[in-house]
Amino acid sequence: MLKQQLKTKPFQNYAFFIKLLWEASPGRIIWCIGVNLLHHLYMFLSQIIFIQFLLNSIQVKRPFHEVLFFILAMGAFAILFRMIEDWYTDCYGEKTNHIIHTKINEKMFEKAAKMDLECYENSEFYDLYIKASTESKDKIMSFLFTMAEAISCIFSVILTSSVMFSLDPIVIVFSFIPLIVSYTVEKKYTKTRYQFTMDNIPYKRKEDYVKRTVYLNDYAKEYRLYSIFNVMIEDFLESVKGIQENVKKYGVKMALLSFCNSFLKRVLIPLLSMIYIAFHMLVSKTLLIGDGLALINAVRRLTWMLFNITDSFIKVQELQLYAENLKRFLEYKPKLNPNEEGLLADSKKNELEIKNLSFTYPGQTKPVLKNINLKVHLGEKITLVGRNGAGKTTLIKLLMRLYDTTEGEISLNGKNIKEYQLDSYRELFGTIFQDCKVFSVSIAENILMKTPKNKNEETSVKKALDLAGFSDKLSTLDQGIHTVLTREFEENGTNLSGGENQKLAIARIFAKKCSIMVLDEPSSALDPISEYNMYEAMLKASEDKTVIFISHRLSSAVMADRVVLIDNGEIIEEGTHSELMKKSGIYAQMFLKQSENYADSAKEEVIG
């Protein structure tokens, strides 16, 4: 689905990075290039022109007032440049860094939220997401700096070459000869380094997962009560071993390539150029002292600028590979068509019909659901029951169009649900999944899934919490519905029990203006009394709404208008609770067995 393509399109990726930067902060691109140009101009003047002018002034006995004027002018330029550079680095740069990172994060979050659900069950997608999220935001800034540096180095090369050409054109050769060799070496080093980074990503992901679980409260009890800690440590050490193997595989090669490149830049070229210039200064006396020292600095500077240009071009080639990861992620087209021009779903009419539905998860061959046919009428209360893995939750995901069917169709009011705008269709549903999550924000924000804007919304939150049986707990919290959940960011936050979290999730349903309520194991963490009160409140609050329950506790089935038993991906029994009990089939057996268990538990408690 998201396989890495071997061939990339560098110029398209460069344009992609520039477009992202320009959309986020066009001024940052202009200022970054401008400040870099000023920096290179300052270095050219101070390292070459200033030295040449001062030493030649001594030798040719230039008037002092001319020398003083030149020094003051250089000083004024240096002060102005430093003021601009410091403002850019500490003020404007910090501000726009945040803006750029925020814009990119927003794009990534929006894309991740629209990704098909199957992507989150695909390790290949996670690898791509990790590559895009952990690397690309930093790499896009590196691209900006590298691009600005390359432009500035070209500007500096033109200035420096003009001085060298005017004094001794042959000296330029000392800076240009090593480029071909260095380019080849640097290119090999970059490819090796990139492959080393990519090969380490699966190991890094495993390392990060272990680190995350060790420090998270969600896993604290399991780590202390079971031997899973040893398993995770073994996985961690296995990842470390994998990274070490990659170091052995690539390390020596990278070190040798790096040494060859440094030797050319720092030893060979400076040595040869100094011998040549010293000969013309001391033996042939064709160069003034200032011109000779200026040439030595110019050779060194031109060499570094040419290498920097080469490095910059190689680096942007590496960076465009990361751009490719981000580009592929942001340009990924979901399989689920949002159909933004489609029909608007009518919340007052919600007749659902499933026709000959079959579904197989991507990458699997065995269907999870087979030939499902079911009608859900307006205001009907239906309970889906069956063993674990029977396909109940999958059916709910298909109803909510988190996946599209493999075969058959689901229709709303006689029209295929694909004909409706996806967001409009999903707005019909209020849903609780069995693995419901709470966020580290206020209770009110957890209920509304947004920030309450007025008193009416706050009142609706309190009412929803009351219906969900959360009022007693709420009364113990000093900040009420504004209490932040978890203590991850707030010392005064509160941690809820499993049952309290589930009540909170149920309150979301009561607070949302939906016409179809879907509850996947809504009472799994509740005690029987809380469960009964929840169902009673749910049915009372949803008299005019369609409700679909999934529950292993069959108490919900007794109150439902219809019970649907799914086994091995197929509907095998359907009817009211009374009708199915009279059939004495699988449902009746499950219900009686569960009743016996409740009775046995009650007897034990009485005896105890």
Handout entry: Distance in Å, Ile417 CD1 paired with Arg426 CZ, rounded so as to fall on 0.5 Å steps
Key = 9.5 Å
Practice task
Please list, chain by chain and in numerical order, all residues satisfying side-chain contact (heavy atoms from CB on, under 4.5 Å) with Phe81, sequence neighbours excluded.
Solution key: Leu38, His39, Tyr42, Glu85
Handout entry: Atom pair NZ (Lys191) and NZ (Lys253), whose distance is rounded to the nearest 0.5 Å
Key = 9.5 Å
Handout entry: Lys206 bridged to Glu238 by N-O distance under 4.0 Å
Key = no
Practice task
Go through the steps to decide whether Met281 and Leu295 satisfy the test side chain to side chain contact (heavy atoms under 4.5 Å, CB included), and finish with yes or no.
Solution key: CA-CA 11 Å; Met281 287 173 60; Leu295 270 179; over 6 Å; no
Practice task
Look at the side chain of Lys111 and the backbone N and O of Leu330, then say whether any donor-acceptor pair between them is shorter than 3.5 Å.
Solution key: yes
Exercise for the section: Taking Glu445 for its side chain and Ser442 for its backbone only, find out whether a donor-acceptor pair lies under 3.5 Å. Expected result: yes
Handout entry: Distance, nearest 0.5 Å, that separates OG of Ser152 from CD1 of Ile309
Key = 10.0 Å
Handout entry: Short side-chain to backbone donor-acceptor contact, Thr160 and Val157, under 3.5 Å
Key = no
Exercise for the section: Output, in order, the C-alpha distance, side-chain angles, deciding distance and verdict of ring-ring contact (aromatic ring centres under 6.0 Å, His included) for Phe44 and Phe155. Expected result: CA-CA 10 Å; Phe44 167 74; Phe155 170 70; 8.3 Å; no
Exercise for the section: List the steps and the verdict of side chain to side chain contact (heavy atoms under 4.5 Å, CB included) for Phe174 and Arg300. Expected result: CA-CA 9 Å; Phe174 289 104; Arg300 181 172 59 85; over 6 Å; no
Fill in the blank from the handout: The residue among Thr197, Thr192, Asn200, Asp199 that forms side chain to side chain donor-acceptor pair (under 3.5 Å) with Tyr250 is Asp199
Exercise for the section: Examine Phe69 together with His65 and report whether their ring centres are nearer than 6.0 Å. Expected result: no
Exercise for the section: Say whether, by atom type as modelled, one donor and one acceptor occur between the side chain of Ser262 and the main chain of Phe259 under 3.5 angstrom. Expected result: no
Handout entry: Distance-only polar pair, side chains of Arg508 and Asn446, donor-acceptor under 3.5 Å
Key = yes
Handout entry: Pairing of Glu23 and Lys107 as salt bridge, 4.0 angstrom limit
Key = yes
Practice task
Cation-pi check, Arg401 to Phe429: give yes when NZ or CZ is under 6.0 Å from the six-membered ring centre and within 45° of the ring axis, no otherwise.
Solution key: no
Practice task
To the nearest 0.5 Å, tell me how far Lys241 NZ sits from Phe236 CZ.
Solution key: 15.0 Å
Practice task
Test Phe16 against Leu326 for side chain to side chain contact (heavy atoms under 4.5 Å, CB included), laying out the working first.
Solution key: CA-CA 9 Å; Phe16 173 73; Leu326 181 59; 4.1 Å; yes
Practice task
Report yes or no: does Tyr92 contribute a side-chain atom to a donor-acceptor pair with the main-chain N or O of Arg28 at less than 3.5 Å?
Solution key: yes
Practice task
Could you grab the distance from atom CG of Leu237 to atom CE of Met232, nearest 0.5 Å is fine?
Solution key: 11.5 Å
Exercise for the section: Could you please spell out the steps behind the side chain to side chain contact (heavy atoms under 4.5 Å, CB included) verdict for Lys315 and Thr190? Expected result: CA-CA 7 Å; Lys315 190 171 183 180; Thr190 300; over 6 Å; no
Exercise for the section: Answer yes or no: is there a side-chain heavy-atom contact under 4.5 Å between Tyr276 and Val299? Expected result: no
Problem - Asn308 side, atom CG; Thr146 side, atom OG1 - distance, nearest 0.5 Å - result: 10.5 Å
Problem - Backbone N/O of Asn339 and side chain of Gln421: donor-acceptor pair under 3.5 Å - result: no
Exercise for the section: List for me each residue that meets side-chain contact (heavy atoms from CB on, under 4.5 Å) alongside Val252, sequence neighbours excluded, and say none if there are none. Expected result: Leu256
Practice task
Name the orientation class of the two ring planes belonging to Tyr361 and Tyr403 (parallel below 30°, tilted from 30 to 60°, perpendicular beyond 60°).
Solution key: perpendicular
